[in-house]
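What follows is a set of notes on a single structure, which appears directly below.
Naming: A, B, ... by sequence-line order, numbering from 1 per chain.
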Amino acid sequence: MGIKLLTNNINVAGIQKLDTYQNNGGYDMFKKALSMTPDAIVEEVKKSGLRGRGGAGFPTGMKWSFLAKPEGVPRYLVCNADESEPGTFKDRYMMERIPHLLIEGMAIGSFALGCHTSYIYIRGELMYVYHILQKAIDEAYAAGFLGKNILGSGFDFDLHVHCGAGAYICGEETALIESLEGKRGNPRIKPPFPAIRGLWDCPTVVNNVETLMAVVPIIKLGGDEYAKIGIGKSTGTKLISACGHINKPGIYEIELGIPVEEFIYSDEYCGGIRNGKKLKAVVAGGSSVPVLPAELILKLANGEPRLMSYESLGEGGFATGTMMGSGGFIAMDEDTSIVKNLWTFARFYHHESCGQCSPCREGTGWMEKILHKILDGHGNISDIDLLWDIQSKIEGKTICPLGEAAAWPVASAIRHFRSEFEEYVRNPQNIIEDHHYYRLNNISQESV
Amino acid sequence: MPKVTIDGQSIEVPEGTSILQAARLIGGDIVPPAMCYYSKLKTSGGYCRTCIVKVTKGSEKDPRPMPKPVASCRTNVMDGMEVQNITAPDLVEARKGVVEFLLINHPLDCPICDQAGECDLQNLSYSHGIEKSRYEFKRREFEKIDIGENIKLHMTRCILCYRCVKVAEQVCESRDHGVIGRGDVAEISTYIQKAVDKDFSGNMIDVCPVGALTDRTFRFKSRVWFTKPMNAHRKCTKCSGKTVVWLSGDDVLRVTARKDKFGEVEEWICNECRFERKETKDWNIEGPRHIDRQSVIAQNHYEVNKQLKIDVSNQKLLGEKAHNKQ
């Protein structure tokens, strides 16, 4: 078994409750943190090399040290629990199973950053997790881990949970801040960055759930020890939510740097492809990262095995690489239709575009319509080139990364699976008769 | 003062000036087009992405180029910054893409649109667009609605520039409308049972870059290029009273604020001046308004006509003189 830092106690009965959590060493790290100086905690996080687990992979310690600290202005730590990326479901599981770990992480983070009020912004669809978190927060208040003068240290800290209203875009940090302020969830134009002017125009740090949880083991082990786990600049462990046509879908905590092949085929993790099929493609980090065909995801261009790490997955740029993203690992077997899959993603981004800037507002819908046309068997070869052109005109021209998130899957699918698009255009009848188009989730024709 | 170089032309501008403003100070072809930015409205801009430019050198201190094109209207200049606009072919191509995106859901009903002739999108697509649309699907459509006594909303034409929202926030007493929905079905709408009837709300018509918000007192009265714009003023207690009246014969067909060469309102005018003063006797007419825009309304050469009249009368005088000599 690999190292487990976040999920080691996940199966303890009643770990949601404060007393069980405390019996398993809960809040000890918060007590330890309170005995340290805030700057020392930031230093430990810097030393640990922890990188943002929400998708971009920005070093957390660096982000924390960028926080502006003007006198007399409050600062805020916001936890981004608006996990809505198709394929990613790690945060939901962790908050549901071990809510106090997040509260402890946020308390340590807030102490380190000097925030006296912090927020957890949770997506609206996770109402039941909201209640779990609220219950845990109430317990923490009652036990004196939150509130005024925590454990006699003189540190005041209030934690609130706020529920979104069901918009993917509110997972973008500035849109999240707008939504938290009670406004329409439109991303802000940067700069200024939230570290200078965020929530209510005050300096703000927005971190992912898993990032904040990872602060607890960093305090426990110390930054240097934590940095020894993993490989190169990808330190520590990462939660991967594996789904798709694999034998064992679920959440796996991996030490960064294990080979992708081991992750897919070993019984400890995904357990191989379902029904003995062959692997066709993998979306390695949630729907917005480029899809890679099996030969590229398992091996690098130079023939070495590809590893589950920020660098190795990104090796070769977008021509032959992808991204770690948020850890939403979607495996697709040989029967999967890439075009159909892409249409599903395109439909999602069309539905979730906020409509603020024109390339994303108009382009996402256009791409979805073209893909729908191709799937229906009315496509032309020129439509494939048009799709390529549209995605290139969205990418990098938008206010927030949703434009890129919508463009990358399209670009990578055409880059690696162009022949399949052409097959849809040339012989639509064959494919539709094959029920290739209608098949989802490997349900064979006989069993329908 | 920071010095910025745009397409090879340098200028020194005060701290906090945007790239777009600096380009406007230089003037000429290098000024990026802007559909949503409005210098008189705070926090406007950044949405339409037509003003994108390429920053090839961030600043003297940090010379790294910016990784993506930036919205010039919302990016401030830094000392030593180098910017490429029309000299970067990939950027020109990218802008074409943005114009195409703006047009795919725009109805292209210019022949029956009151804005035609003074429409920013029309100008933009002439100067930066491609001649043919590659979009072959049904365009999004909305019902036309009256959002107030004097303003018609034709949402199908809207490009969601948010200018009217900013006018309501910053010029009017309160905001009774906003954007609802998201993505390509986001729309401008009033709050339930509210009408846009606050004073100065008529300025939304002037800031609208397309024909989405039109003046109900002027709708279908005339094509704008058949009317004569005249500078006019009256004594008004609420606003400066300085306007442009658009005449057909001696009838005042509409009243608008005065716009500068970037199509931006010089001074906001009140709803009384705009909608209720429709008689020539209400106004002191100063003379023909010079329209400095590349659209068809600039083609009505009143000023030239005036010159011609003087020339003709000179000729007449000369003729008379010659005649008298004989």
Point to revise | Region of T398(A) in contact with chain B, defined by heavy-atom distances below 4.5 Å | key: backbone

**Study point:** Between K373(A), E362(A), E395(A), the one whose heavy-atom pairs under 4.5 Å with chain B are most numerous
**Key:** E362(A)

Check your understanding: Quick one: what part of F137(B) sits under 4.5 Å from any heavy atom of chain A, side chain, backbone, both or neither?
Key -> side chain

Revision key, fill the gap. Of all heavy-atom pairs linking R139(B) and Y135(B), the shortest is CG-CE2, 4.2 Å

Check your understanding: Heavy-atom distance under 4.5 Å to chain A: side chain of I52(B), backbone, both or neither?
Key -> side chain

Point to revise | Residue selection (most heavy-atom pairs with chain B, distance under 4.5 Å) from A167(A), G355(A), S382(A), S358(A) | key: S358(A)

Practice item. Decide whether a cation-pi geometry holds between R51(A) and Y310(A); the criteria are a distance under 6.0 Å from NZ or CZ to the six-membered ring centre and an angle within 45° of the ring axis. Key: yes

**Study point:** Closest approach of P187(A) to Q356(A) (non-hydrogen atoms, all atoms of both residues)
**Key:** O-NE2, 3.0 Å

Practice item. Output the option from A71(B), P67(B), G97(B) having the highest count of non-hydrogen pairs under 4.5 Å with chain A. Key: G97(B)

Review point. In terms of ring plane angle, is the pair Y349(A) and Y168(A) parallel, tilted or perpendicular, where the classes change at 30° and 60°?
Key: perpendicular

Exercise for review: Check for a donor-acceptor pair, side chain of E187(B) on one end and backbone N or O of G181(B) on the other, with a separation under 3.5 Å.
Suggested key: no

Point to revise | Interface residue of largest heavy-atom contact number with chain A, from C36(B), G45(B), C161(B), C48(B), under 4.5 Å | key: C48(B)

**Study point:** Most contacts with chain B, counted as non-hydrogen pairs under 4.5 angstrom, among G365(A), S392(A), C354(A), G185(A)
**Key:** C354(A)

Review point. Checking heavy atoms, do the side chain of E93(B), its backbone, both or neither come under 4.5 Å from chain A?
Key: both

Point to revise | Region of V179(B) in contact with chain A, defined by heavy-atom distances below 4.5 Å | key: both

Point to revise | Working for salt bridge (charged side-chain N to carboxylate O under 4.0 Å, His left out), residues K61(B) and D79(B) | key: CA-CA 8 Å; K61(B) 261 193 232 158; D79(B) 190 33; over 6 Å; no

**Study point:** Which atoms of I390(A) approach chain B - backbone, side chain, both or neither, heavy atom under 4.5 Å
**Key:** both

Practice item. Mark yes or no for whether D383(A), through its side chain, and N380(A), through its backbone, hold a donor-acceptor pair below 3.5 Å. Key: yes

Practice item. Check step by step if side-chain hydrogen bond (donor to acceptor under 3.5 Å, both in side chains) holds for E311(A) and S234(A). Key: CA-CA 7 Å; E311(A) 289 77 26; S234(A) 304; 2.6 Å; yes

